[in-house]
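Read the structure below first, then the notes.
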Amino acid sequence: MASVSLTFPDGNAREYDAGVTAAQVAESISKSLAKKAISATVNGEHWDMQWPIDSDASIALHTMADDEQANELVRHDLAHIMARAVQEIWPDTKVTIGPVIKDGWYYDFDSKESFTPEDLSVIEKKMREIINKREPVRTEIWDRARAIAHYEANGEPYKVELIESIPGDEPLRMYWHGDWQDLCRGPHLQHTGQVPGDSFKLMSIAGAYWRGDSDRAMLQRIYGVAFTGKEKLKAHLNMLEEAAKRDHRKLGREMDLFHMQEEAPGQIFWHPNGWSIYTELQDYMRRKQRAAGYVEVNTPQVVDRKLWEASGHWDKYQEHMFIVEVDEEHAREKAINALKPMNCPCHVQIFNQGMKSYRDLPLRMAEFGSCSRYEPSGALHGIMRVRGFTQDDGHIFCREDQIEAECAAFITYLSSVYKDLGFDNFEIMFATRPEKRVGSEESWDHVENALENAIKVAGHPYTLDEGEGAFYGPKLDFKLTDAIGREWQCGTFQVDPNLPERLDATYVAEDGAKHRPYMLHRACLGSFERFIGILIENSAGKLPFWLAPRQVVVASIISDADDYVHEVVAALNAAGVRAEADIRNEKINYKVREHSVGKVPVILAVGAREVEERTLTVRRLGEKQTSVQGLDDVIAGLKVDATPPDLR
RNA sequence: GCUGCUGUAGCUCAGUGGUAGAGCGCGUCAUUGGUAAUGACGAGGUCGAGAGUUCAAUUCUCUCUAGCAGCACCA
């Protein structure tokens with residue numbers, strides 16, 4: 001019999017009969033390892049304990065201590081165990097797919113009856129029973145005809161469809177957890193008892209389209225989370241609780257920032273506190289973009305369809321547009337307009353006024369552009385996804401040879417803004433030419449190179465998103481990471497030769513002839529609405545002092561201090577600090593609690609001592625400790641805190 | 001838009017086929033207190049909108065609307 005040489009992580013090699021399984025290898029080392037082992041890595045591939053090894057290879061055996069492999073297996077086995085549990089409880093249920101995702105797994109089912117949240121604990125209980133049976137997991141390779149016949153006989157049409165979409169030469173692997181069987185690439189654990197029964201939880205039920213296609217059947221998806229130990233599950237559930245506490249919709253109410261109501265779905269009523277954040281942020285952005293060489297413009301909200309037809313939006317984007325029909329009493333013709341969903345066509349109109357010379361390029365045009373988009377109702381989410389929003393929009397009109405420098409400058413600008421706003425980490429996604437595209441290969445080469453070079457000059461790591469660019473040009477998307485590890489796509493940089501063409505934008509070059517400029521679409525925050533939502537959740541409502549709507553409350557302890565309170569408030573306001581007096585007839589404990597809940601960063605308490613000594617007792621949000629400081633020192637310090645980062 | 005769930009006082013939520021309750025908040029009064037809730041009293045609701053069933057609907061049914069979770073979209 002042929003033999004194979006297996007090399008272990010410590011560098012030692014051992015000979016085995018060809019076709020040896022990882023389980024047999026583990027057995028040859030020790031009984032306890034054979035029991036504890038969950039899988040192997042063979043030549044870099046995650047390997048089931050049952051799979052045979054036919055040629056020389058490197059091998060590493062895994063136990064539950066190897067988090068990466070253990071998580072994958074536990075979650076994947078739980079997907080199968082859950083599907084088995086569901087089919088045992090509701091035998092008519094048809095199974096589809098159940099992949100591992102971040103922190104857990106899901107499985108999609110087709111079932112006549114809809115699952116309820118109460119069903120989750122029933123399913124969980126059944127899953128634990130299956131785990132406790134410690135039934136073996138086994139696997140076989142089947143040919144297609146047998147597999148299809150099997151699933152047809154069992155009334156599992158989705159599995160049949162899946163098999164038919166798998167390339168013909170690929171072997172089909174079948175897995176059994178006890179008697180329950182599923183088509184699966186593997187690997188899996190050795191038996192169901194290897195799944196820790198106390199480290200998973202079914203989370204929710206939701207609809208999901210078969211194969212992610214909104215034209216196909218709606219299935220029922222059950223989500224679960226799972227880890228290798230119960231402490232890790234607990235930590236995860238705590239994190240979810242923390243995220244719920246930070247929810248901008250909850251904080252928006254508690255801090256009295258904004259509200260939304262039924263009469264204006266997807267649009268925001270900004271209250272004084274929220275609008276203070278908004279205008280502070282906008283003032284900051286205005287200074288930043290002016291410093292970056294932009295001119296600011298403003299364009300109309302209601303624009304005749306003719307312009308949208310010319311730009312192509314009428315054709316491609318109409319279902320997302322608010323159409324405004326004006327039927328004036330004596331008008332012969334009904335005017336049909338649309339609220340602008342984007343600012344770009346309007347910016348081209350400004351560019352097109354008068355003759356532009358190559359000397360005018362690059363022309364950087366910015367607008368805090370209010371856009372209205374009829375987003376699908378299910379897409380709306382607090383102030384993060386709305387129908388009326390304002391972009392920190394900008395368009396750079398330039399020549400092809402200016403793209404690289406403009407892109408590099410934008411990355412610098414964006415880094416500086418994100419850093420000022422408390423986000424040190426962001427990721428760049430570089431989306432390149434898609435299959436369906438316009439323009440010459442040569443021009444795509446140039447433009448893609450320009451973007452790639454710009455990223456390299458910035459020295460920033462990036463991820464290639466191949467084939468995901470627009471049909472007319474490549475783009476960069478900027479994703480920032482918040483305080484609890486969530487990612488948000490905010491900034492974008494897109495190269496567009498198409499719209500200048502459609503709207504006939506030209507400039508006169510050195511040769512005296514008219515040429516087509518490129519148009520670079522770019523946004524840094526994305527929209528003020530979404531970005532403020534992210535700021536709120538990132539800071540859990542404890543915004544940096546300069547952005548906080550209510551910066552200081554001066555609270556009296558006794559009414560004899562009222563005059564001094566007013567004096568301090570006036571002095572702070574004169575120094576550019578948003579301060580207010582709280583001279584209500586309440587105890588200081590009550591005032592401290594109320595303003596702490598309201599996320600006011602600084603509370604200045606004033607009693608007999610402070611009046612006497614002209615001092616203030618300073619308490620910062622989140623700190624138990626207070627300190628007594630002189631009036632002038634406090635004002636000077638807070639004046640600095642209240643200064644936006646770009647003005648310090 | 002699709003699947004499922006939800007809509008009761010400003011907020012968080014109980015509850016019922018015979019037109020409603022709690023806590024917090026709000027108002028009034030008393031209390032002048034030293035860093036996360038002083039006490040008493042009081043006001044406050046077309047029970048999301050419309051239709052149907054019923055002697056009677058906040059409760060049951062349907063339609064609409066808005067929100068929530070996910071999907072599909074996306075700044």
Side-chain angles (χ1 to χ4, degrees), chain A residues 106 108-111 113-119 203-223 247 249-250 253-254 256 259-266 317 319-320 341-343 369 371 373-393 477-478 488-492 521-531 533-534 555-562 583-598 603-610 617-628:
Chain A
Y106 66 76
D108 287 348
F109 300 98
D110 184 7
S111 171
E113 54 201 308
S114 33
F115 304 135
T116 67
E118 291 74 49
D119 291 336
M203 301 300 284
S204 61
I205 305 158
Y209 297 109
W210 169 233
R211 313 207 106 179
D213 183 344
S214 58
D215 292 330
R216 307 205 56 179
M218 176 61 78
L219 306 170
Q220 295 191 70
R221 174 172 297 178
I222 302 181
Y223 284 92
D247 191 308
R249 292 165 296 187
K250 181 172 137 77
R253 198 166 41 239
E254 288 171 2
D256 195 15
H259 86 272
M260 303 175 86
Q261 65 186 51
E262 197 163 340
E263 287 76 4
Y317 204 71
E319 59 172 333
H320 295 293
M342 296 174 187
N343 307 298
C371 297
R373 296 185 190 171
Y374 190 77
E375 297 290 352
S377 56
L380 302 178
H381 179 87
I383 65 172
M384 301 282 209
R385 190 76 186 276
V386 289
R387 287 181 176 158
F389 58 95
T390 301
Q391 297 175 314
D392 65 317
D393 205 0
D477 280 325
F478 299 85
W488 301 93
Q489 202 241 291
C490 297
T492 184
H521 307 258
R522 38 107 296 163
C524 180
L525 305 182
S527 83
F528 282 91
E529 289 75 7
R530 173 180 289 182
F531 207 90
I534 295 168
S556 59
I557 296 169
I558 50 163
S559 54
D560 283 347
D562 290 358
I583 55 166
R584 290 175 305 169
N585 178 12
E586 297 290 353
K587 289 189 172 179
I588 190 66
N589 298 39
Y590 182 88
K591 295 182 183 182
V592 165
R593 178 185 147 77
E594 189 178 283
H595 299 124
S596 298
V597 168
I603 299 171
L604 301 176
V606 177
R609 281 206 303 272
E610 288 81 0
T617 298
V618 182
R619 183 190 163 112
R620 293 207 174 244
L621 184 58
E623 290 175 18
K624 279 245 154 62
Q625 215 58 21
T626 59
S627 67
V628 180

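Proteins come first, then strands; the chains are lettered A, B, ... in the order of their sequence lines, and each starts at number 1. In this text the structure is predicted, and so the values were computed from the model without any measurement.
- One donor-acceptor pair, N or O on each side, does fall under 3.5 Å between the base of rU32(B) and the side chain of Ser559(A).
- In this structure, the NE2 atom of His595(A) is 14 Å from the C1' atom of rG25(B), given to the nearest Å.
- Atom CD in Glu263(A) sits roughly 12 Å away from atom P in rA49(B) (whole-Å rounding).
- We find that NZ of Lys591(A) is positioned 15 Å from P of rA36(B), with the value rounded to whole Å.
- Taking atom OH on Tyr590(A) and atom P on rG34(B), their separation rounds to 17 Å, with Å as the unit.
- With rA75(B), rU35(B), rC68(B) as the candidates, the nucleotide lying closest to the side chain of Thr626(A) is rU35(B).
- In terms of modelled atom types and a separation under 3.5 Å, the side chain of Arg530(A) and the main chain of Met384(A) share a donor-acceptor contact.
- OP1 or OP2 of rU32(B) has not a single side-chain nitrogen or oxygen of Arg584(A) nearer than 4.0 Å.
- In this structure the side chain of Arg620(A) never reaches within 4.5 angstrom of the side chain of Ser627(A), judged on heavy atoms.
- Comparing rC73(B), rG34(B), rC74(B) against the side chain of Thr617(A) picks out rG34(B) as the nearest.
- Closest to the side chain of Arg619(A), out of rU35(B), rG34(B), rG67(B), is rU35(B).
- The interatomic distance linking Lys250(A) (NZ) with rC68(B) (P) rounds to 15 Å, in whole Å.
- Side-chain contact between Phe478(A) and Cys490(A) is absent, with no heavy-atom pair separated by less than 4.5 Å.
- Regarding Glu594(A), its CD atom lies at a distance of 11 Å from the P atom of rU38(B), rounded to whole Å.
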Extract from the structure each pairing of a protein N or O with an N or O of nucleotides 28-30 of chain B at less than 3.5 Å, listing the distance.
none

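- In the interface, the side chain of Arg385(A) is paired with the base of rC73(B) through a donor and an acceptor atom under 3.5 Å apart.
- Of the candidates rA75(B), rG34(B), rA69(B), rA69(B) carries the atom nearest the His381(A) side chain, counting heavy atoms from C-beta on.
- Of the candidate nucleotides rU32(B), rA66(B), rA75(B), rU32(B) has the atom lying nearest to any side-chain atom of Ile558(A).
- Taking atom CZ of Arg522(A) as the reference point, atom C1' of rA75(B) lies 13 Å away to the nearest angstrom.
- With both ends at atom C1', the span from rA9(B) to rG50(B) equals 23 Å, rounded to whole Å.
- Put simply, Arg211(A) has no side-chain N or O that comes within less than 4.0 Å of OP1 or OP2 on rC71(B).
- Of the possible donor and acceptor atoms, one in the side chain of Arg387(A) sits under 3.5 Å from a partner among the backbone N and O of Glu375(A).
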Taking protein heavy atoms under 4.0 Å as touching, what does nucleotides 1-11 of chain B look like 5' to 3' if B marks base contact, S marks sugar-phosphate-only contact and - marks none?
BBBS--B---S
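- The partner of rC73(B), taking Watson-Crick or G-U wobble pairs whose two distances both stay under 3.5 Å, does not exist in any strand shown.
- Under the Watson-Crick or G-U wobble criterion, with both distances below 3.5 Å, rU59(B) is left unpaired in every strand shown.
- Separating the P atom of rC64(B) from that of rG4(B) is a span of 14 Å, rounded to the nearest Å.
- To the nearest 0.5 Å, atoms CG (Asp393(A)) and CZ (Arg522(A)) are separated by 7.0 Å.
- Across rC71(B), rA75(B), rG33(B), the shortest atom-to-atom separation from the side chain of Phe389(A) is found for rA75(B).
- Here, rA75(B) and rC2(B) have their P atoms 23 Å apart, quoted to the whole Å.
- Residue Arg620(A) places no side-chain N or O under 4.0 Å from the OP1 or OP2 atom of rU35(B).
- Considering only heavy atoms from C-beta on, Thr617(A) comes within 4.5 Å of Glu610(A) through its side chain.
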Using a cutoff of under 3.5 Å, can you pull out all pairs of nitrogen or oxygen atoms linking the protein to nucleotides 58-60 of chain B, with atom names and distances?
none

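- Taking every side-chain heavy atom of Ile588(A) into account, rG34(B) is the closest of rC73(B), rG67(B), rG34(B).
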